[in-house]
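Report on the following structure.
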Amino acid sequence: MVMLKIVALPEVPRWAAVAAHAVPLVVLPSGLWRLALVAGLPVTQDAGDGSLGLGESAYVVSLSVVSELLAFLTLGLVRSWGEVFPRRLPFLGGRRVNPAAATGAALAGVAALCAIAGWGFYAAHAGLGPGIPASPAQDALLLVCYAPLLAWPPLLAAVAVAYHRRRAGGGLASRACQ
């Protein structure tokens, strides 16, 4: 049996390290679906007809890359570069990361992800937008690829609270439990 090594600081709870490492994995399937769409693979009924222009294709690829990069930032909440900026960064290298700023950014990300999910759910059920013409198999593939994204906000929130507890003495997390 092959065990993947979860890399985290020693004082990080194991569950938080596992959750942080899960975030990039739950984001990956949707990015791969979008890349398949750009490549013209049959993920929708009109995928192979060149319906995406160059600008749309660039946007879809950029969305996939940016989403995955943002997901990887979650690892900073359990690794050393989330406590001290890496030396190679201009102006910030070697300085301590402000725990309140990191926690605030992570929780703002949670709020944004919840808003995006809420809007997507509303838009899909209200019939807004053009829709994606697809067969039942293509609909199932879309669901399988996008459903894991629903885990991103709660995973990020849990890791952010654990980070805050560890770095800022538990103010936010301990007040929430009272």
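These figures come from a predicted structure and were not determined experimentally.
- The hydrophobic clustering, which links ILVMFWY residues whose side-chain heavy atoms are closer than 4.5 Å, places W81 and L92 together.
- In summary, R166 and E83 engage in a salt bridge, as defined by a charged side-chain N under 4.0 Å from a carboxylate O.
- Counting heavy atoms from C-beta on, the side chains of L63 and S67 come closer than 4.5 Å.
- Side chain of E68 to main chain of V65: no donor-acceptor pair is present (N/O by atom type, distance under 3.5 Å, no hydrogens or angles).
- Closest of all the heavy-atom pairs between V97 and R167 is O-NH2, 3.2 Å.
- Linking Ile, Leu, Val, Met, Phe, Trp and Tyr residues whenever their side-chain heavy atoms come within less than 4.5 Å leaves V7 and W15 in two separate clusters.
- The minimum heavy-atom distance linking N98 with A100 is given by the pair OD1-N, 2.8 Å.
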Worked verdict on V43 versus Q138 for side-chain contact (heavy atoms from CB on, under 4.5 Å)
CA-CA 6 Å; V43 294; Q138 291 166 330; 5.8 Å; no

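- Taking the six-membered ring for Trp and thresholds of 30 and 60 degrees, F121 and H125 have ring planes more than 60 degrees apart, a perpendicular arrangement.
- Across all their heavy atoms, A71 and V27 have their closest contact at CB-CG2, 3.7 Å.
- Annotation: the span from S30 atom OG to L32 atom CG amounts to 8.0 Å, rounded to 0.5 Å.
- Cluster membership for L149 and V144, using ILVMFWY side-chain heavy atoms within less than 4.5 angstrom, is not shared.
- With rounding to the nearest 0.5 Å, the separation of CG in L77 from OG1 in T103 is 7.0 Å.
- Note: the hydrophobic cluster containing V23 does not contain L150 (ILVMFWY, side chain heavy atoms under 4.5 Å, direct or indirect links).
- The minimum heavy-atom distance between A157 and L107, with the atom names listed, is CA-CD2, 4.4 Å.
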For W33 and T44, run side-chain contact (heavy atoms from CB on, under 4.5 Å): C-alpha distance rounded to whole Å, both residues' side-chain angles, the deciding distance at 0.1 Å, then the answer.
CA-CA 10 Å; W33 186 93; T44 66; 3.9 Å; yes

Between W152 and L70, is a side-chain contact (heavy atoms from CB on, under 4.5 Å) present by the stated rule, with each step listed?
CA-CA 11 Å; W152 191 0; L70 289 172; 4.3 Å; yes

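- The CG atom of L28 sits 9.5 Å away from atom SG of C145, with the distance rounded to the nearest 0.5 Å.
- Nearest heavy atom pair, residue P24 against residue A20, reads CD-O, 3.3 Å.
- What you find for P153 and V110 is that their closest heavy atoms are O-CG2, 3.7 Å.
- The OG atom of S62 sits 10.5 Å away from atom CZ of R34, with the distance rounded to the nearest 0.5 Å.
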Verdict with reasoning, L113 to L156, per side-chain contact (heavy atoms from CB on, under 4.5 Å)
CA-CA 10 Å; L113 289 168; L156 178 56; 4.3 Å; yes

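- Separating the CG atom in L35 from the CG atom in L41 is a distance of 10.0 Å, to the nearest 0.5 Å.
- A single hydrophobic cluster is not seen to contain both V18 and V161; linkage of ILVMFWY side chains at heavy-atom distances under 4.5 Å, directly or through other members, places them apart.
- Proximity of a side-chain donor or acceptor of H21 to a complementary backbone N or O of A17 within less than 3.5 Å is detected.
- Interatomic distance, L9 CG to Y163 OH, rounded to the nearest 0.5 Å: 9.5 Å.
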